[in-house]
Structure formats: C-alpha cells, structure tokens
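For reference, the structure discussed in these notes is given below.
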Amino acid sequence: MLEVSAQNFEDTLKSSKFVLVDFWAPWCGPCKNLAPLLEELESVYGDKVLFAKVDIDQNQEIAFKYKVFSIPNVCLFKDGELAANSVGFKPKKDLEKFLNKHLEK
C-alpha cells in the first residue's frame, strides 16, 4: 500500500486506475483493524485499483480538502475526482461490495 503525503497526493490521483485512499491515524483502533483487510483487497483488485493511505495527523490539509472528519475513511477516486467514500470500519465483504459497485460503472 502506497503511503501518500501532501507532496505526492495530487500525482497519485492522476493514476489511470481507480485510487482508493485510506485516511487513517496511528492512534485509531478501527484503522488498525481495517489495514489488513485493505491489503488483502489490494492483492485481488490491484490491477484495477491503486491502494494508498494518508496519515491525517501528518497531512491535515488533505483531510480538510476532502472533508475527512471521521476515520477510518476510505475514499475512491476516478480521474482525480472523488467518486465515493465509506466512513467507519467495514467488514471485508462490505468493502468488496463498495469496490465492485463503483468499478462496474
């Protein structure tokens, strides 16, 4: 999973793939539980989706720009634009549904 900061966030969004960004923080318990699920999904969807993560404590300006006020917050971008987001911890099957719904469009 690519760690993204203010220096490379905009470049990351220029990917030809969908970009899934996990907004998280080291002190967030649900974020820690979500991370291994996203890594599993990356192994399945990695050919269609670029998986990235942003530490909101270190990159507050990105979190404010995309109105990330609760974490974990998974945002899905397409062509540099926010396509969808999912707030809070979700089981793997729900994350798969979230991805499949938007990848099919």
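Small disclaimer: the values here were computed from a predicted structure and weren't measured.
Taking the salt bridge (charged side-chain N to carboxylate O under 4.0 Å, His left out) definition, one finds that Lys93 meets it with nothing, sequence neighbours left out.
Not one N or O on the side chain of Lys92 forms a donor-acceptor pair closer than 3.5 Å with the backbone of Leu41. Looking only at distances, no side-chain donor or acceptor of Asn59 sits under 3.5 Å from a matching main-chain atom of Ser5.
Within 6.0 Å of CD in Glu81 there are 12 or fewer heavy atoms belonging to other residues, nucleotides or ligands. Heavy-atom contacts from other residues, nucleotides or ligands closer than 6.0 Å to CZ of Phe69 number more than 12.
Residue Val54 is grouped with residue Phe77 when hydrophobic side chains (ILVMFWY) are merged at heavy-atom distances under 4.5 angstrom, including chains of intermediate members. The cluster map of Ile, Leu, Val, Met, Phe, Trp and Tyr, joined by side-chain heavy atoms under 4.5 Å apart, puts Leu99 and Leu82 in different clusters. Linking ILVMFWY side-chain heavy atoms closer than 4.5 Å, directly or via other members, places Leu13 and Phe18 in two distinct hydrophobic clusters. Placement of Leu76 and Phe23 in two distinct hydrophobic clusters is found when ILVMFWY residues are connected by side-chain heavy-atom separations under 4.5 Å, directly or transitively. Hydrophobic clustering (side-chain heavy atoms under 4.5 Å, transitive across Ile, Leu, Val, Met, Phe, Trp, Tyr) keeps Tyr66 apart from Leu34.
Note that CG of Leu2 and OG of Ser15 are 10.0 Å apart. Values are rounded to the nearest 0.5 Å. Here CD1 of Ile62 is found 11.0 Å from CD1 of Ile56. Values are rounded to the nearest 0.5 Å. Distance check: Lys97 NZ to Ser86 OG gives 12.5 Å after rounding to the nearest 0.5 Å. Taking CG from Leu38 and CE from Met1, the interatomic distance works out to 4.0 Å, rounded to the nearest 0.5 Å. Atom CD of Gln58 is separated from atom CD of Glu3 by 10.5 Å, given to the nearest 0.5 angstrom.
For Asn8 against Thr12, the heavy-atom pair with the smallest separation is O-OG1, 2.7 Å. When every heavy atom of Phe51 is checked against every heavy atom of Glu42, the shortest pair comes out as CE1-CA, 3.5 Å. Listed here is the closest heavy atom pair of Asp57 and Asp55: N-OD1, 2.9 Å. Residues Phe9 and Val4 approach most closely at CA-CG1, 3.3 Å, considering heavy atoms. Summarising the geometry of Phe98 relative to Ala84, their closest heavy-atom pair is CE1-CB, 3.8 Å, with the distance given to 0.1 Å. Closest approach of Lys48 to Leu103, counting heavy atoms only: CD-CD1, 4.3 Å.
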Derivation and outcome, side-chain contact (heavy atoms from CB on, under 4.5 Å), residues Asn100 and Tyr45: CA-CA 10 Å; Asn100 290 333; Tyr45 292 90; 2.9 Å; yes
